[in-house]
Every structure is written in C-alpha cells, then in structure tokens.
Student: 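This is the structure, below, for whatever I ask next.
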Amino acid sequence: MLLKTVLLLALVAQVLVLENGLLRKPPMGWLAWERFRCNIDCNEDPKSCISEELFMEMADRLAQDGWRELGYVYLNIDDCWIGGRDAKGNLVPDRKRFPHGIAFLADYAHSLGLKLGIYEDLGNFTCMGYPGTTLDKVVQDAQTFAEWKVDMLKLDGCYSSPQERAEGYPKMAAALNATGRPIAFSCSWPAYEGGLPPKVNYTLLADICNLWRNFDDIQDSWRSVLSILDWFVAHQDVLQPVAGPGHWNDPDVLLIGNFGLSFEQARAQMALWTVLAAPLLMSTDLRTISAQNVDILQNPLMIKINQDPLGIQGRRILKEKSYIEVYLRPLVNEASAIVFFSRRTDMPYHYHSSLARLNFSSSVVYEAQDVYTGEIISGLQDQTNFTVIINPSGVVMWYLYPISKLGIPQQ
C-alpha cells in the first residue's frame with residue numbers, strides 16, 4: 001500500500017509540473033508539411049525542398065506581408081530536417097540542406113519577431129524514416145531543442161507502441177518544462193489511439209499538451225476537409241468541453257492557397273476552423289499565394305473571433321434537411337460567431353431562420369456583422385426572420401453581438 005501511495009504521489013508531482021502557461025489562444029503561423037511534404041531534392045527543386053532557404057523565405061514573407069502583425073508568428077519545421085545524431089547522441093540537422101543549423105534559423109525567426117517550431121517523433125523513426133526520439137532520448141532531445149531556442153515542438157507517433165506513447169508524451173512535457181525555456185507542445189498522441197475515450201484521456205492531455213491532433217492528416221482536397229469536419233461534429237460532445245486556453249483540439253492545417261479548394265471552399269474552411277477554435281496554421285507557399293487567398297487568411301474580424309479570450313470551441317447546433325448546417329461559438333461580451341454552412345452542390349440557397357430557432361434570448365436586441373462582406377444587419381430580435389444566401393460548399397458567417405437588453409442600450 002505504501003509503495004502504491006508513493007507511486008501515486010510521484011505521478012501527481014510529475015503532472016503538476018506539466019502546465020506551461022503557453023498558448024492561451026490558438027496558435028497561428030505557418031507549417032511546412034501539407035504543401036512541401038518531404039521534398040528533399042534541392043538539386044531538382046531548390047525553391048521548394050525542405051531546407052534552410054525555404055524557412056528563411058517563409059519567415060521573410062510572414063514578417064513583410066502583414067502576417068506577423070495579425071498573429072501569424074509560428075514558423076514550423078516538420079519532418080525530414082534531421083541529418084542524424086552526433087557522437088554524443090545529439091540530434092543534428094541535414095548539413096547540406098540546413099548548413100547553418102537550427103539555432104541559426106531560430107535566431108533568424110526571432111530577429112523578425114517570429115517563433116520557430118520543430119518536429120520529432122516518439123518512436124525509433126519519424127514517419128518518413130529519420131531518427132526518432134526514443135524514450136531514452138526524450139530528456140536529451142528536449143535539452144537540445146531548448147539550446148537551439150526552439151519555441152514549439154510537434155511530437156509525432158509513428159513507429160511507437162501505445163505503452164511508449166503513454167510514457168513518452170508526459171515525459172517529454174516534463175522534460176520541456178524542465179529546460180526552463182517556454183516551448184509549446186503539440187502532441188499527435190490521440191490520433192494514434194483513435195481520438196476517443198477510453199483509449200484517449202483528454203483530462204491528462206489537457207495537462208500535458210498545448211494542442212493535439214485527434215484525427216487523420218489533412219490532404220489537399222475538399223473531401224478531406226469534410227471528413228475531418230464530420231469526425232469533429234460526430235464527436236463534438238467529447239471534444240468541445242476539453243478545448244480551452246492552453247489546450248486545443250487541432251483538426252490540422254489550413255489548405256487555403258493550395259490547389260484542392262475552390263474559393264467558396266477556402267472561405268468555408270477558414271470559417272469552420274475558426275468556429276472550432278482551431279489553430280490557424282497555414283501550409284501554403286506564401287511567396288506565390290494569390291491576393292484573394294490572402295484576404296481570406298488575413299480577415300481581421302475572423303482572426304479576432306478565432307483568438308477570442310474565452311477560448312470556447314464552437315459546435316454544430318442545427319442540421320437541416322436542406323443540407324444547410326449552423327455552427328455556433330460563444331464569444332466574450334455575450335457575442336457569438338455563427339456559421340451558416342451549405343453542403344449543397346447545386347446553386348445558392350436562400351436559408352430562412354430566426355434567432356429564436358438558434359436559441360437566442362427573447363429579451364435582447366442584436367446586431368450582426370457579416371465576417372466576409374462587412375455588411376451590418378441591425379435590429380435582430382429572437383422573432384426577427386432573416387434570410388442568408390449561401391453558395392454551394394460555402395458559408396455565411398456572422399459576428400453577432402447584443403446592442404440592448406430589455407430596452408436598455410448595452411454599455
């Protein structure tokens with residue numbers, strides 16, 4: 001009995017040092033994987049291979065093209081950067097593609113007001129076959145990342161067992177905190193356990209990880225976006241309560257600016273990820289992105305909603321026979337974000353509704369701002385009928401806020 005008590009106290013003591021106080025709002029930035037994958041052929045494709053040059057050029061774009069000021073500050077390396085381990089067992093980058101090292105890249109990002117993220121895997125190998133962080137290397141690698149002045153670690157789960165993950169993810173969280181450097185921790189753990197209880201303990205995850213991947217990798221297609229959305233909606237009763245400041249569900253990166261989404265679908269992904277309080281991590285070529293896609297990603301009101309300090313994840317509240325869905329996210333100051341989403345594929349749909357149908361109070365007068373057009377809709381009460389016109393695979397998104405209660409203007 002005494003031994004059990006000692007072990008329990010040791011476990012509690014370990015968990016208590018895991019909360020790092022970081023990412024009180026969903027992280028925003030850029031991540032290499034979806035767009036640039038494991039392209040390591042810098043002879044044939046020098047501008048798009050995973051290299052120091054690619055990350056420096058993306059850093060320049062984040063700093064010079066208005067991204068940083070809006071909150072897009074993370075510059076995240078993914079798989080295929082590792083060259084091996086040195087004689088002391090320390091990770092080293094590929095010397096040809098990262099000739100100045102990771103600490104140099106971190107300094108460069110910091111000089112531009114950005115943060116650097118890096119990738120490893122809790123297994124013998126990364127998903128693409130590079131040296132992984134086995135359990136005996138967790139503390140050493142955490143110290144290496146801190147010495148390099150890294151600001152976020154994404155720890156994948158390829159080539160690892162459930163037992164190794166159960167030990168390794170809490171161990172890495174503690175090791176990162178023990179370095180004394182604030183390093184946000186992105187965990188892929190739940191995605192390898194099916195994403196749901198009882199195999200996934202979200203209470204523990206919220207204590208050890210700042211964000212976590214729950215489900216499949218996103219691919220550059222609308223079908224992939226819908227599959228992720230469907231999974232999040234099907235399990236929203238489990239997922240919604242566990243998200244909040246410092247610990248976020250991560251449906252994976254934004255595809256906007258790539259090849260697989262139409263204009264309407266790109267706007268839909270941005271709105272839906274925002275109402276889900278998801279990280280806004282772009283994975284596109286910022287050197288060539290179109291002005292139209294920049295407008296979607298740099299929408300100031302959208303970003304304000306995503307970064308709402310309450311940190312409440314939204315949920316689907318209505319699914320109509322007309323293939324229209326309504327999502328709602330509560331915001332600070334009794335405001336709300338509402339997304340009217342069309343799964344139709346035929347033509348623009350005139351959707352008729354009222355705030356009463358969306359369960360809003362009868363004693364409040366609201367005003368709504370269309371997040372994409374800026375149009376203001378005034379004098380909305382619970383019985384006020386309204387119509388929104390939603391394009392196929394598209395959204396209409398409102399920022400709804402009270403302007404008076406029982407005839408008394410809001411202060």
Side-chain angles (χ1 to χ4, degrees), residues 3-27 119-124 127 132-139 141-142 152-178 183-218 228-252 276-279 310-315:
L3 178 59
K4 288 184 178 179
T5 302
V6 170
L7 290 173
L8 178 61
L9 289 173
L11 179 62
V12 170
Q14 183 187 35
V15 170
L16 286 175
V17 300
L18 301 184
E19 170 61 49
N20 58 20
L22 301 175
L23 299 192
R24 309 310 293 174
K25 298 176 182 179
Y119 169 100
E120 244 296 2
D121 185 285
L122 191 67
N124 292 319
C127 294
T133 297
T134 48
L135 293 176
D136 61 310
K137 294 292 187 183
V138 165
V139 172
D141 289 355
M152 182 188 289
L153 168 65
K154 174 184 172 182
L155 191 62
D156 216 334
C158 286
Y159 302 103
S160 64
S161 69
Q163 294 76 20
E164 288 168 334
R165 293 190 289 272
E167 181 181 348
Y169 279 99
K171 185 176 182 179
M172 178 58 85
L176 291 173
N177 282 3
I183 301 176
F185 190 25
S186 171
C187 303
S188 297
W189 187 9
Y192 287 87
E193 310 292 348
L196 297 170
K199 289 187 176 181
V200 177
N201 181 343
Y202 276 107
T203 302
L204 174 62
L205 269 175
D207 282 334
I208 69 170
C209 305
N210 296 113
L211 62 156
W212 49 77
R213 286 284 312 286
N214 317 68
F215 191 58
D216 296 343
D217 282 0
I218 200 167
I228 292 169
L229 179 66
D230 289 344
W231 189 87
F232 266 73
V233 169
H235 305 295
Q236 64 183 7
D237 289 344
V238 172
L239 302 175
Q240 192 267 344
V242 300
H247 42 93
W248 310 100
N249 293 303
D250 181 5
D252 211 356
L276 292 175
L310 290 183
I312 299 172
Q313 181 173 313
R315 53 193 296 134

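What you see below is based on every heavy atom in this structure, not just the backbone, and it leaves out hydrogens, waters and symmetry mates. This is a predicted model, so every value here is computed, not measured.
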Student: Go through the steps to decide whether Q240 and I312 satisfy the test side-chain contact (heavy atoms from CB on, under 4.5 Å), and finish with yes or no.
Tutor: CA-CA 8 Å; Q240 192 267 344; I312 299 172; 3.6 Å; yes
Student: Could you list the residues that satisfy salt bridge (charged side-chain N to carboxylate O under 4.0 Å, His left out) with D250, not counting sequence neighbours?
Tutor: none
Student: Sequence neighbours left out, what passes salt bridge (charged side-chain N to carboxylate O under 4.0 Å, His left out) with D252? Give chain and number order.
Tutor: R213
Student: For a quick test of reading the model, state the closest non-hydrogen atom pair linking P251 to P279 and the distance between them.
Tutor: CD-CD, 4.3 Å
Student: Supply the atom-to-atom distance H247 NE2 to N210 CG, rounded to the nearest 0.5 angstrom.
Tutor: 9.0 Å
Student: Partners of W212 by side-chain hydrogen bond (donor to acceptor under 3.5 Å, both in side chains), sequence neighbours excluded?
Tutor: N249
Student: Give, for atom CZ of R24 and atom CG of L22, the distance between the pair rounded to the nearest 0.5 Å.
Tutor: 9.0 Å
Student: Quick one: closest heavy-atom pair of N20 and A184, and the distance?
Tutor: ND2-CA, 4.4 Å
Student: Going by the rule ring-ring contact (aromatic ring centres under 6.0 Å, His included), which residues pair with Y192 if we only count those two or more places apart in sequence or in a different chain?
Tutor: none
Student: Quick one: closest heavy-atom pair of A175 and A142, and the distance?
Tutor: CB-CB, 3.7 Å
Student: Not counting sequence neighbours, which residues clear salt bridge (charged side-chain N to carboxylate O under 4.0 Å, His left out) with D216? List them please.
Tutor: none
Student: Would you name the heavy atoms of G157 and S188 that are closest together and state the gap between them?
Tutor: N-CB, 4.3 Å
Student: Does the side chain of D121 pick up a donor-acceptor pair with the side chain of Y159 at under 3.5 Å?
Tutor: no
Student: Taking it one step at a time, do L23 and M152 satisfy side-chain contact (heavy atoms from CB on, under 4.5 Å)?
Tutor: CA-CA 10 Å; L23 299 192; M152 182 188 289; 4.2 Å; yes
Student: For a quick test of reading the model, state the closest non-hydrogen atom pair linking L239 to G195 and the distance between them.
Tutor: CD2-O, 4.4 Å
Student: If I take atom CG from residue L153 and atom OG1 from residue T133, how far apart are they, to the nearest 0.5 angstrom?
Tutor: 7.5 Å
Student: Identify, with sequence neighbours excluded, every residue that meets side chain to side chain contact (heavy atoms under 4.5 Å, CB included) alongside V200.
Tutor: P190, E193, Y202, L205
Student: As an exercise, state the distance from CZ of F232 to CG of N214, rounded to the nearest 0.5 Å.
Tutor: 4.0 Å
Student: Show every salt bridge (charged side-chain N to carboxylate O under 4.0 Å, His left out) that has at least one partner inside residues 228-237, sequence neighbours left out.
Tutor: D230-R343, D237-R315
Student: Output all residues satisfying side-chain hydrogen bond (donor to acceptor under 3.5 Å, both in side chains) with N201, sequence neighbours left out; order by chain, then residue number.
Tutor: none
Student: To the nearest 0.5 Å, how far apart are CD1 in I208 and OG1 in T203?
Tutor: 11.5 Å
Student: Among residues at least two apart in sequence or on other chains, which ones pass side-chain hydrogen bond (donor to acceptor under 3.5 Å, both in side chains) with S160?
Tutor: R165
Student: With sequence neighbours excluded, what pairs up with A277 under the side chain to side chain contact (heavy atoms under 4.5 Å, CB included) test?
Tutor: W248, Q313, R329
Student: Test of understanding: with ring-ring contact (aromatic ring centres under 6.0 Å, His included), list the residues that count as partners of Y169, not counting sequence neighbours.
Tutor: W189
Student: Using salt bridge (charged side-chain N to carboxylate O under 4.0 Å, His left out) as the criterion, list what pairs up with E164, not counting sequence neighbours.
Tutor: none
Student: One pair to check against side-chain contact (heavy atoms from CB on, under 4.5 Å): L122 and V138. What are the steps and the verdict?
Tutor: CA-CA 8 Å; L122 191 67; V138 165; 4.1 Å; yes
